[in-house]
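As structure tokens, the structure follows; a few thoughts come after it.
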Amino acid sequence: MVHRHTYSQSHLPIREQSTAEGHSVRLVYMCAAMADVAAKKEDTSLKEACERLWSNIVSKRMYITGSIGSSAKEEAFTGDYDLPGDTAYAETCASIGLIFWAKRMLQMEQDSRYADVMERALYNTVISGMSLDGQRFFYVNPLEVDPKMQRVNPNYAHVRTRRQGWFGCACCPPNIARLIASLDQYVYTPAVEQATLYVQLYIGGDGEFTLEGRRAAVTMDSDYTSTGDVKLIVRPDSPEGMQFTIALRKPDWCKIPELWINGEKSEQDGFTFEYGYIKVTRLWKAGDEIKLHFPMELLRMKGHDHIKATFGKVAIQRGPFMYCLEEVDNARGLHCIQLPRDAEFHIGSGEQMPLGVPALTTIGQRIVSQEDWGIHLYRSDVHWDTQPAELRFIPYFTWANRDEGEMSVWIRESE
Ligand SMILES: [Zn+2]
């Protein structure tokens with residue numbers, strides 16, 4: 001098959017490219033390599049090309065789940081704001097590649113916007129790419145499915161409404177495995193020249209770093225995904241302590257994080273805030289403790305008004321997690337459901353969810369018509385009624401682990 005030059009990003013010299021084109025996995029892999037070369041060679045124009053392409057993706061061509069690639073044909077980017085949820089390609093590997101690239105951008109430029117995208121891709125599309133029992137996988141990660149239409153409409157031929165055990169081209173399953181197995185490399189960015197340890201992801205574990213020629217260890221104990229609580233214990237490899245900065249990322253979804261150093265609440269004078277990081281500089285002693293609380297407000301997310309697929313709709317986010325409705329909880333016909341602007345949510349209902357991420361319930365509305373449609377497909381004398389409907393939202397990464405059915409991230413919003 002002969003592809004267009006955009007497919008392989010060979011339509012222009014890479015330094016002249018400003019929009020993300022072609023095969024989405026290839027594009028992000030190429031950009032990860034460009035970022036490596038830009039850092040190694042201190043190549044400003046290559047770094048600027050990376051920044052332009054990054055900006056085009058995250059401001060115009062990325063799904064709210066951190067997935068990319070709107071078109072199944074050529075597994076490719078399409079145009080700005082073209083983000084259909086049901087025909088999305090949104091390959092698991094593309095979000096993994098976005099994470100590879102984000103890590104490299106963070107090594108060149110410590111700006112939390114790269115880590116925010118890394119987190120969005122990881123906690124939504126990437127882990128959704130694998131079933132909760134770790135046995136089955138998604139290649140394509142749509143934001144809306146209807147299994148009945150998937151079976152009959154060839155435009156959905158690439159979409160699966162159940163994860164598969166394996167694929168003819170099985171790139172995604174081992175890619176998830178290698179990312180999860182190497183996640184330690186994404187949690188911290190030590191910036192030696194600034195004597196700063198950047199904390200990018202709040203994933204528990206032990207880390208060791210060399211800053212200013214001396215070693216320090218950090219142990220992170222994290223309930224980030226369930227309560228938003230994180231604890232770090234610092235242990236410099238020196239009895240007199242070690243002067244350096246710890247820069248803690250403020251996630252884009254959190255308005256005001258809370259910080260305690262050795263049990264004492266740290267107010268504005270105890271830290272600086274730069275490029276999305278809370279920076280604490282001090283002489284760290286063995287056993288010094290940082291506690292963080294990131295309050296998880298429920299966010300009603302809207303899409304840019306140029307995105308046709310999301311216009312007039314709302315998507316629910318809590319912490320780093322996007323939520324969705326499934327037919328198994330909410331009955332068939334998710335397109336008839338709407339969420340009033342003042343709907344109040346109850347957090348944590350039903351069975352315990354993975355990673356301690358709660359399900360959400362609320363009272364929404366189902367739109368119904370009172371007419372007997374008979375043989376009519378269209379009619380002018382239709383009266384719609386709204387009935388109260390109990391809605392249950394689950395984290396997007398847990399969808400398709402129960403009965404097969406409809407799923408939707410974006411829900412119509414009502415007054
Ligand atoms: Zn793949």
Side-chain angles (χ1 to χ4, degrees), residues 1 3-4 6-10 20-36 53-54 57-58 61-78 82-104 117-145 150 155-183 185-186 322 396-401 407 409:
M1 184 170 31
H3 290 291
R4 296 175 296 161
T6 48
Y7 173 81
S8 53
Q9 293 83 35
S10 57
E21 304 296 342
H23 192 277
S24 57
V25 178
R26 288 167 191 239
L27 185 277
V28 289
Y29 278 28
M30 180 183 76
C31 288
M34 284 162 61
D36 271 343
L53 292 167
W54 179 274
I57 290 172
V58 303
R61 299 187 179 196
M62 184 179 76
Y63 288 94
I64 198 163
T65 47
S67 58
I68 49 175
S70 302
S71 168
K73 191 169 168 59
E74 296 193 340
E75 308 180 350
F77 291 99
T78 55
D82 181 39
L83 295 162
D86 56 351
T87 54
Y89 201 70
E91 184 177 340
T92 309
C93 284
S95 290
I96 293 172
L98 196 59
I99 292 173
F100 295 161
W101 180 14
K103 169 185 159 61
R104 287 158 174 82
V117 170
M118 188 156 84
E119 177 178 274
R120 185 173 290 278
L122 173 66
Y123 284 123
N124 295 288
T125 297
V126 174
I127 56 173
S128 171
M130 185 168 64
S131 60
L132 296 177
D133 63 8
Q135 300 295 309
R136 303 177 78 81
F137 303 89
F138 274 141
Y139 200 113
V140 167
N141 296 277
L143 284 78
E144 180 181 341
V145 296
Q150 190 272 334
N155 289 327
Y156 301 126
H158 61 291
V159 173
R160 294 287 174 273
T161 51
R162 287 221 174 264
R163 291 176 185 80
Q164 295 176 235
W166 204 244
F167 303 89
C169 172
C171 48
C172 300
N175 222 349
I176 297 176
R178 77 159 157 175
L179 180 71
I180 301 290
S182 61
L183 263 185
Q185 296 171 28
Y186 299 81
M322 293 311 304
Y396 174 75
F397 77 89
T398 66
W399 85 275
N401 277 282
M407 180 278 290
V409 170

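Ligands are counted one by one from 1 in listed order, and the atoms in each one are counted from 1 as well.
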Q. Is there a donor-acceptor pair under 3.5 Å between the side chain of N175 and the backbone N or O of P173?
A. no

(Q) How wide is the angle at the Zn ion (ligand 1) spanned by C93 SG and C171 SG, rounded to 10 degrees? (A) 110°

(Q) Is it the case that the side chain of R163 and the backbone of G129 share a donor-acceptor pair, with hydrogens and angles ignored and the cut-off at 3.5 Å? (A) no

Q | Side-chain (S71) to main-chain (F77) donor-acceptor, under 3.5 angstrom | A | no

Q) Quick check: does C172 have an N/O/S atom under 2.8 Å of the Zn ion (ligand 1)? A) yes

Q) Is there a side-chain contact between E91 and Y139 (heavy atoms, below 4.5 Å)? A) yes

(Q) Restricting to N, O or S atoms, which atom of E91 is closest to the Zn ion (ligand 1)? (A) OE2

